[in-house]
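Here is the structure we will look at, set down as structure tokens.
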Number of protein chains: 2
Amino acid sequence: MQGVDGECCDMRGLLGFLILFLLSKKPMHGQEIASELAKRRGDKPSPGTIYPALRSLKDLGFLSEEKEGKTITYRLSAKGEKAFEIAKKRFTKTFLGVLT
Amino acid sequence: MQGVDGECCDMRGLLGFLILFLLSKKPMHGQEIASELAKRRGDKPSPGTIYPALRSLKDLGFLSEEKEGKTITYRLSAKGEKAFEIAKKRFTKTFLGVLT
DNA sequence: TGTATTATATTGGATGTCCGATATATATAA
DNA sequence: TTATATATATCGGACATCCAATATAATACA
């Protein structure tokens with residue numbers, strides 16, 4: 001288990017969930033997502049983290065893309081919205097009482 | 001990325017955080033924690049999962065133990081409480097807006 | 001005493017997440 | 001046109017989490 005300076009819990013495995021969450025609010029492109037994650041978690045995911053994650057979600061059919069110039073805007077597909085709702089339910093049930 | 005049948009996000013890395021959370025509510029022993037996790041996540045962590053996790057948290061100085069017969073009651077140490085507060089802050093900031 | 005049940009413990013490895021390094025493409029500016 | 005900045009992309013591997021298998025200890029009961 002990871003624990004540095006009295007901290008713990010690396011919360012790994014939630015990157016995909018967070019991306020789905022952010023995109024459920026509004027469509028964004030990769031760097032925009034990375035910046036938002038930086039604000040929330042405190043550290044900005046590197047390109048080697050964010051793009052493979054987006055790729056995976058796209059391969060799962062959860063995202064659709066729209067390319068314009070050098071930027072690609074991602075948004076949730078219908079399947080992605082459904083997946084997020086399911087994941088959110090599980091998340092809520094699991095962490096009931098943590099945030100309050 | 002993990003994704004089966006329209007689901008996604010394995011939420012790995014949060015076991016330690018969840019254990020700290022549960023123990024912040026009340027002292028519990030290992031199987032009690034496992035059962036509570038089963039209720040929340042839907043699947044019960046195996047002994048090979050829960051005890052190494054407890055061991056790690058104890059090695060980090062986050063838990064104290066009290067043995068009585070064959071059961072060991074775990075509770076947060078002062079250091080553990082502090083670690084949980086820090087982790088909770090980060091968690092809250094990261095997932096702001098997900099639960100509401 | 002022997003059997004079953006419950007709680008705890010360890011370890012070896014499978015698995016998946018994530019990141020550093022690197023590359024490509026587009027746009028902007030001097 | 002060259003240089004710089006920004007956005008996207010891939011790959012290889014380091015790393016940690018988690019679990020199956022297995023073992024030990026304590027309790028209960030017949």
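From a predicted model like this one, the values you see are computed outputs, not experimental measurements. Each chain gets a letter, A, B and so on, in the order the sequences are listed, and its residues count up from 1.
Atom pair A:Phe17:CZ and C:dT17:P shows a separation of 15 Å (rounding to whole Å applied). A straight line from CG of A:Leu57 to P of C:dT17 spans 10 Å, rounded to a whole angstrom. For B:Ile50 and C:dA9, the CD1 to P distance is 12 Å, given to the nearest whole Å. Between A:Tyr51 atom OH and C:dT22 atom C1' the separation is 15 Å, expressed in whole Å. For the pair B:Lys67 NZ and C:dT6 C1', the computed distance is 13 Å after rounding to whole Å. Summarising the geometry, the separation between CD1 on B:Ile72 and C1' on C:dT10 is reported as 14 Å, rounded to the nearest angstrom. One atom, CD of B:Glu66, and another, C1' of C:dT8, lie 16 Å apart when rounded to the nearest Å.
Classification of the A:Phe91-A:Phe17 ring pair by plane angle, with boundaries at 30° and 60°, yields parallel.
Other residues, nucleotides and ligands contribute at most 12 non-hydrogen atoms within 6.0 Å of the NZ atom of A:Lys58.
Among the protein residues, A:Leu15 comes within range of the sugar-phosphate backbone only, with heavy atoms under 4.0 Å from sugar or phosphate atoms but none that close to a base. Residue-level contact check: B:Gly69 touches the backbone only, with heavy atoms under 4.0 Å from sugar-phosphate atoms and none from bases. Across all strands shown, A:Thr71 has heavy atoms under 4.0 Å from sugar-phosphate atoms exclusively, and none from any base. Among the atoms of the strands shown, base atoms are found under 4.0 Å from some heavy atom of B:Gly48.
No side-chain heavy atom of B:Lys88 sits less than 4.5 Å from a side-chain heavy atom of B:Arg90. A heavy-atom distance below 4.5 Å is not found between the side chains of A:Leu37 and A:Asp43.
A:Thr73 places no side-chain N or O within 3.5 Å of a backbone atom of A:Met28 that could act as its donor or acceptor partner. Checked by atom type and distance alone, the side chain of B:Thr49 never pairs as donor or acceptor with a backbone atom of B:Pro45 at under 3.5 Å. The closest donor-acceptor contact from the side chain of A:Lys79 to the backbone of A:Leu60 lies under 3.5 Å.
Between B:Glu85 and B:Lys89 there is no salt bridge, since no side-chain nitrogen of the basic residue lies less than 4.0 Å from a carboxylate oxygen of the acidic one.
Shown for residues 31-44 of chain B: residues whose heavy atoms fall under 4.0 angstrom of DNA chain C, namely B:Gln31.
Taking the 5' to 3' direction, DNA chain D first and last meets chain B under 4.0 angstrom from a heavy atom at D:dT17 to D:dT27.
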Grab the N/O contacts between the protein and nucleotides 28-30 of chain C below 3.5 Å, and write none if there aren't any.
none

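Taking CG from A:Leu96 and OG1 from A:Thr92, the interatomic distance works out to 8.5 Å, rounded to the nearest 0.5 Å. B:Phe84 CZ to B:Ser77 OG: the interatomic distance, rounded to the nearest 0.5 Å, is 13.0 Å.
For A:Pro45, taking side-chain heavy atoms from C-beta onward, the closest of the listed nucleotides C:dC19, C:dA7, C:dA27 is C:dC19.
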- request: Take B:Phe95 and A:Leu18, measure what side chain to side chain contact (heavy atoms under 4.5 Å, CB included) needs, and give me the verdict at the end.
  value: CA-CA 8 Å; B:Phe95 295 103; A:Leu18 275 170; 3.6 Å; yes
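Place A:Pro47 and A:Glu68 on DNA chain C by their nearest nucleotides, and A:Pro47 ends up nearer the 5' end.
Test B:Lys25, B:Lys26, B:Arg75, B:Lys39 against B:Glu32 for salt bridge (Lys or Arg N to Asp or Glu O under 4.0 Å) and you get one pass: B:Lys26.
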